[in-house]
Trainee: 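Have a look at this one.
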Protein chains: 2
Amino acid sequence: MATPLPRDPIADARLNWERHGWSDVAAPMAAITAIMRTQQILLARIEGVLKPFGLTFARYELLALLSFARSGALPMNKASALLQVHPTSVTNAVDRLQGAGLVFRSPHPTDGRTTLIELTPEGRTLAKRATAALNAEVFAQSGFEEQDIDQLLRILGAFRRNAGDFSE
Amino acid sequence: MATPLPRDPIADARLNWERHGWSDVAAPMAAITAIMRTQQILLARIEGVLKPFGLTFARYELLALLSFARSGALPMNKASALLQVHPTSVTNAVDRLQGAGLVFRSPHPTDGRTTLIELTPEGRTLAKRATAALNAEVFAQSGFEEQDIDQLLRILGAFRRNAGDFSE
DNA sequence: TCCAAACCCTTGGATGTCCTAGTATATTGC
DNA sequence: GCAATATACTAGGACATCCAAGGGTTTGGA
């Protein structure tokens with residue numbers, strides 16, 4: 001970030017692939033590498049906006065998910081499935097959010113194995129404020145053209161469905 | 001990955017955004033979230049292929065970068081800039097690669113501050129084999145249509161240039 | 001010439017992700 | 001009804017990333 005590089009390292013990698021006789025996979029290699037790098041840039045922006053709220057992206061995602069839950073509570077395994085992360089990652093996030101007084105655990109009324117996560121009033125308020133900040137400072141200035149966003153949604157949506165994310 | 005979800009959680013998030021009156025940023029929010037999730041899926045595939053070689057993606061990237069360096073050696077700060085990661089991440093990767101006998105450190109001939117990283121013969125061989133595996137098992141079956149790959153390269157390339165990755 | 005500022009790498013700490021294993025509770029099949 | 005299997009959460013460990021700080025080396029201006 002400090003100083004822009006004189007040349008695009010991903011374009012260079014693609015040239016290297018072609019020089020070595022891997023032209024058939026050079027383009028997908030470059031595209032996949034570009035997705036990796038783009039994710040890194042976006043994550044850094046998001047974390048920068050959330051930092052003043054004492055949140056990381058992982059914690060924000062859980063908070064936001066809870067704020068949209070009809071009942072206001074969600075089983076941990078449900079959160080794990082919806083966020084597409086390992087159950088231990090949810091445990092980790094809940095531990096920290098609970099320590100910050102933003103959520104609390106409660107036993108499931110009928111299934112003794114299951115733990116519900118619920119927002120505290122502070123958690124609900126913070127989720128609202130953090131979302132407003134992300135909307136204004138990241139999503140409203142994404143750096144993508146409007147028609148490119150449609151392309152991304154189409155391409156990545158097909159990819160994710162194909163990868164087994166959802167069956168719909 | 002276990003079981004596909006009945007509904008696309010990102011499409012649901014988009015609906016939630018629209019319901020709450022944030023329609024103007026719902027699409028970019030969904031696109032950015034999709035990039036995050038796609039990166040996660042791709043990284044998991046890549047790590048899966050590299051695991052038999054005892055490599056992670058971070059270590060592979062460094063190994064591949066070195067294998068394309070003309071002189072076969074690269075200063076650590078250069079590697080950090082090209083890979084777009086923090087210098088401490090390079091230190092970490094070099095420590096582990098060196099422990100595995102794949103690279104070694106050598107002092108810079110004229111600048112006492114700088115450390116050069118060089119491939120060992122084993123490192124060079126492993127880089128070749130790992131690249132062949134990634135080409136065959138990931139890049140050749142990326143899951144993207146050919147014209148979509150062009151779209152991705154165009155859209156993400158513009159985004160990265162705009163984000164200050166490179167000036168070219 | 002010489003000292004302050006800039007640069008390079010490493011150490012230590014915080015966070016997040018995954019995996020493996022262990023404990024507790026539910027469900028299933030005989 | 002009870003044992004075997006499946007499911008839910010958590011503890012511990014391996015990795016990777018970043019930040020802050022520290023020690024050594026170079027550079028540049030007074």
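Residue numbers start from 1 in every chain, and the chains themselves are labelled A, B, ... in the order their sequence lines are given, proteins ahead of strands.
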Trainee: For Val85(B) and Thr91(A), find the nucleotide of DNA chain D closest to each by heavy atoms; which residue's nucleotide sits nearer the 5' end?
Mentor: Thr91(A)

Trainee: Below 3.5 Å, can you tabulate the donor-acceptor pairs from side chains in residues 48-65 of chain A to any protein atom, sequence neighbours excluded?
Mentor:
residue	atom	partner	partner atom	Å
Thr56(A)	OG1	Arg59(A)	N	3.3
Tyr60(A)	OH	Thr131(A)	OG1	2.8

Trainee: Look at all strands and tell whether Gln40(B) reaches a base, only sugar-phosphate, or nothing, counting heavy atoms closer than 4.0 Å.
Mentor: sugar-phosphate

Trainee: Please say yes or no: joined through hydrophobic side-chain contacts below 4.5 Å, possibly via intermediate residues, are Leu66(B) and Ile10(A) part of one cluster?
Mentor: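 Each belongs to a different hydrophobic cluster.
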
Trainee: Write down the distance between CD (Gln39(B)) and C1' (dT17(D)), rounded to a whole number of angstrom.
Mentor: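 Spelled out: CD on Gln39(B) to C1' on dT17(D) is 12 Å.
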
Trainee: Determine whether Ile41(A) and Ile155(B) fall in the same hydrophobic cluster, where Ile, Leu, Val, Met, Phe, Trp and Tyr are linked whenever their side-chain heavy atoms lie under 4.5 Å apart.
Mentor: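 As far as the 4.5 Å side-chain criterion goes, Ile155(B) and Ile41(A) are connected within one cluster.
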
Trainee: Would you mind reading off the bend of the helix from dT1(C)-dA30(D) to dC30(C)-dG1(D) from its two end axes, five pairs each, to 10 degrees?
Mentor: 10°

Trainee: Would you kindly give the CZ-to-P distance between Arg96(B) and dT11(C), to the nearest whole Å?
Mentor: 12 Å

Trainee: All N/O contacts under 3.5 Å from nucleotides 2-4 of chain D to the protein, with atom names and distances to one decimal?
Mentor:
none

Trainee: For His108(B), give me all partners under ring pair (Phe, Tyr, Trp, His ring centres under 6.0 Å), at least two apart in sequence or on another chain.
Mentor: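 Checked His108(B) against ring pair (Phe, Tyr, Trp, His ring centres under 6.0 Å); zero matches.
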
Trainee: Side-chain donor or acceptor of Thr88(B) under 3.5 Å from a matching atom on the base of dC9(C)?
Mentor: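 Side chain to base: no pair below 3.5 Å.
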
Trainee: Do any side-chain atoms of residues 69-80 of chain A form donor-acceptor pairs under 3.5 angstrom with protein atoms, and if so which ones, sequence neighbours left out?
Mentor:
residue	atom	partner	partner atom	Å
Ser71(A)	OG	Ala73(A)	N	3.3
Ser71(A)	OG	Ala73(A)	O	3.1
Ser80(A)	OG	Val85(A)	O	2.7

Trainee: At less than 4.0 Å, is any side-chain N or O atom of Arg105(B) found next to OP1 or OP2 of dC9(C)? Yes or no.
Mentor: no

Trainee: Run the salt bridge (Lys or Arg N to Asp or Glu O under 4.0 Å) test on Asp148(A) and Arg154(B) for me, step by step, so that the C-alpha distance in whole Å, both residues' side-chain angles and the decisive distance to 0.1 Å come before the verdict.
Mentor: CA-CA 9 Å; Asp148(A) 288 348; Arg154(B) 177 184 63 75; 3.0 Å; yes

Trainee: By ring pair (Phe, Tyr, Trp, His ring centres under 6.0 Å), which residues pair with His20(A), not counting sequence neighbours?
Mentor: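 Ring pair (Phe, Tyr, Trp, His ring centres under 6.0 Å) list for His20(A), sorted by chain: Trp22(A), Phe68(B).
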
Trainee: Rounded to whole Å, please give me the gap between CD1 in Ile41(A) and C1' in dT17(D).
Mentor: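 Checked: the CD1 to C1' distance equals 16 Å.
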
Trainee: Round to the nearest Å and state the distance from Gln98(A) atom CD to dC9(D) atom P.
Mentor: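 Taking atom P of dC9(D) as the reference, CD of Gln98(A) is at 14 Å.
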
Trainee: Using the rule that Ile, Leu, Val, Met, Phe, Trp and Tyr join whenever any side-chain heavy atoms are under 4.5 Å apart, tell me whether Val138(B) and Leu156(A) fall into a single cluster.
Mentor: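 Result: yes, single cluster for both.
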
Trainee: Output side-chain donor-acceptor pairs under 3.5 Å for residues 119-128 of chain A, partner residues at least two apart or in another chain, one line each.
Mentor:
residue	atom	partner	partner atom	Å
Thr120(A)	OG1	Gly101(A)	O	2.7
Thr120(A)	OG1	Leu102(A)	O	3.2
Thr120(A)	OG1	Glu122(A)	N	3.4
Thr120(A)	OG1	Glu122(A)	OE1	3.2
Thr120(A)	OG1	Gly123(A)	N	3.0
Thr125(A)	OG1	Pro121(A)	O	3.0

Trainee: Report the residues that fulfil ring pair (Phe, Tyr, Trp, His ring centres under 6.0 Å) with Phe166(B), sequence neighbours left out, ordered by chain and then residue number.
Mentor: none

Trainee: Between dA16(D) atom C1' and Leu83(B) atom CG, what is the distance in whole Å?
Mentor: 13 Å

Trainee: Within residues 106-117 of chain A, find the residues that approach DNA chain C with a heavy atom at under 4.0 Å, and present them sorted by residue number.
Mentor: Thr110(A), Asp111(A), Gly112(A), Arg113(A)

Trainee: Output every pair passing salt bridge (Lys or Arg N to Asp or Glu O under 4.0 Å) with a member in residues 91-108 of chain B, not counting sequence neighbours, ordered by first then second residue.
Mentor: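 Only Asp95(B)-Arg105(B) qualify under salt bridge (Lys or Arg N to Asp or Glu O under 4.0 Å).
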
Trainee: Does Asn77(A) have a side-chain nitrogen or oxygen under 4.0 Å from the phosphate oxygens OP1 or OP2 of dC9(D)?
Mentor: yes

Trainee: Quick one: Lys78(A) NZ to dT7(D) P, roughly how many Å, whole number?
Mentor: 14 Å

Trainee: Between residues 54-76 of chain B and DNA chain C, which residues have a heavy-atom gap below 4.0 Å?
Mentor: Met76(B)

Trainee: Quick one, Gln84(B) and Leu5(A) - any side-chain contact, counting heavy atoms below 4.5 Å?
Mentor: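 SC-SC contact between Gln84(B) and Leu5(A) confirmed.
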
Trainee: Show me the donor-acceptor pairs, under 3.5 Å and distance only, between side chains in residues 26-35 of chain A and residues at least two apart or in other chains.
Mentor:
residue	atom	partner	partner atom	Å
Thr33(A)	OG1	Met29(A)	O	2.8

Trainee: Taking the side chain of Asn92(B) as its heavy atoms from C-beta onward, which of dA16(D), dC18(C), dT10(C) lies nearest to it?
Mentor: dA16(D)

Trainee: Rounded to whole Å, how long is the line connecting atom CG of Leu43(A) with atom C1' of dT17(D)?
Mentor: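 Checked: the CG to C1' distance equals 10 Å.
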
Trainee: Using whole Å, what does the distance between atom C1' of nucleotide dA14(D) and atom CD of Glu47(B) come to?
Mentor: 12 Å

Trainee: Look up atom CD in Glu146(B) and atom CD in Gln151(B), then write down how far apart they are to the nearest 0.5 Å.
Mentor: 12.5 Å

